[in-house]
Amino acid sequence: MAAERPVQAVILAGGQGTRLRPLTHDRAKPVVPFLNRPFLAHQLALLRQHGIADVILACSYRVDDVRRALGDAGHLGVSLRYVVETEPLGTGGGVRNAADLTAGTIFVLNGDILTDADLGAMVRFHEARASRATIFLTSVGDPRQYGLVETDADGRVRRFREKPSGDDPVTSNTVNAGAYLLDAALLERIPAGRVVSIEREFFPALIADGIPCYGWHATAYWRDIGNPAAYREAQLDLLEGRARMLLPPPGVPRDGCWLGDGVTTIADARLVPPTVLGERVRVAAGARVGPGAVVGRESRIGPGAIVEGAILWERVDVGDGALLQGCILGADVRVGARARVGPDVVLESGAVIPERTTCGRAS
Ligand code: GTP
């Protein structure tokens, strides 16, 4: 008898997102703006495309942000339920906390990965191997910050090494991509009510106990958006076509730009594609926005200002003649006239840059 196709997913969305600070001081990582939508909306679009519409969010840190941003996600064509840990239980404990709502084969995803992988192919692989736990594997340049996974020729997982330390030799660049297909019955193996790591405890124990556990190696686009550089570059990857865009930014596409409702551009203001402007953004005379800029709703770009390769959250005010290059600005940031903000600068929501100041390496 063919196994039933998975229809459920649990998304791990309770981490503090320390690498993405200071942005996560103000907003939970799973819902940071990403092409002007909460990040998880893109992951939900992928799940929905593969027929997964029953999604459980395992939350803890700043759960109210997540609820406010996504609600029950009916508008995204899925149904979202929340399970909330009073104390963070880690990646394994978070999934365990959602176990009562799950049955059959389920997807489990880290809430900070962007991929356009063919999840249907992953399911077929899982079924063909009679696997009970299949791990999505991807190749990365520097595997040390990830979990290394060693498999045999058939894909069976032999060894799991989470973030190997300095002297530990790195034998491959194949890492755990943070997406799994699991037989939900296995979740009972995770002790309830205490901190458990899915990577360090749950998977190594499955392997030790001989439970069929396979690695599915995909060449699809994959990125962990959990640090500022990756968060910015992943948005550019979608805008520049390196990843499949499953959910376009809100607004209408025009000449390689996406314009939200009520955008105004004055006189000779220029939009250089690809660029995304949220609702009611105002771009003043002589300003240039793009390429590679994402501007949050109700922001104002002052006369003669330049914004390129930069990510701006909502209601950012950019003063006359200011220059923003490759930076990330939280909500309500105010950039004074003729200030210059360069690549690698990440400003928390509400920050103020005085007039004529230079931050970072602005050219
Ligand atoms: P960093 O602090 O920057 O490493 O980020 P993080 O806190 O999100 O940790 P990490 O990137 O290792 O987490 C991977 C995924 O697991 C993310 O989607 C997190 O939201 C999620 N996660 C991490 N810890 C917990 C937890 O205690 N509970 C739940 N429910 N999810 C968690």
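Not measured: the values here are computed from a predicted model. When a ligand or atom number is given, it counts from 1 through the structure's own listing order.
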Short N-O contact, Arg189 and Glu201, less than 4.0 angstrom: no
Do Tyr214 and His126 have ring centres separated by under 6.0 Å? no
Any side-chain donor near an acceptor of the partner, Gln16 and Thr18, under 3.5 Å: no
Identity and separation of the nearest protein heavy atom to atom 19 (C) of ligand 1: Gly15 N, 3.5 Å
Using heavy-atom distances, let me know which of Gly14, Gly17, Cys59 sits nearest atom 6 (P) of ligand 1. Gly17
Please list the nearest protein heavy atom to atom 7 (O) of ligand 1 with its residue and the distance rounded to 0.1 Å. Gln16 N, 2.9 Å
Which residue from Ile225, Val63, Asn227, Leu12 reaches closest to atom 18 (O) of ligand 1 through any of its heavy atoms? Leu12
Please determine which of Phe136, Trp222, Tyr180 meets the ring pair (Phe, Tyr, Trp, His ring centres under 6.0 Å) test together with Trp216. Phe136
Is there a protein heavy atom less than 4.0 Å away from atom 12 (O) of ligand 1? no
Among all protein heavy atoms in this structure, tell me which lies nearest to atom 2 (O) of ligand 1, with the distance rounded to 0.1 Å. Thr18 OG1, 2.5 Å
When you measure from atom 28 (N) of ligand 1 to every protein heavy atom, which one gives the shortest distance, and what is it? Glu85 OE1, 2.9 Å
Are any of the heavy atoms in Gly90 under 4.0 Å away from ligand 1? yes
min-distance protein heavy atom vs atom 8 (O) of ligand 1 -> Lys29 NZ, 2.8 Å
Electrostatic pair Arg338:Asp320 at N-O distance under 4.0 angstrom: no
Under-4.0 Å salt bridge between Arg81 and Asp54: yes
Nearest protein heavy atom to atom 3 (O) of ligand 1, by residue and atom, and its distance? Arg19 N, 2.7 Å
Ionic contact status for Glu298 with Arg282, cut-off 4.0 Å: no
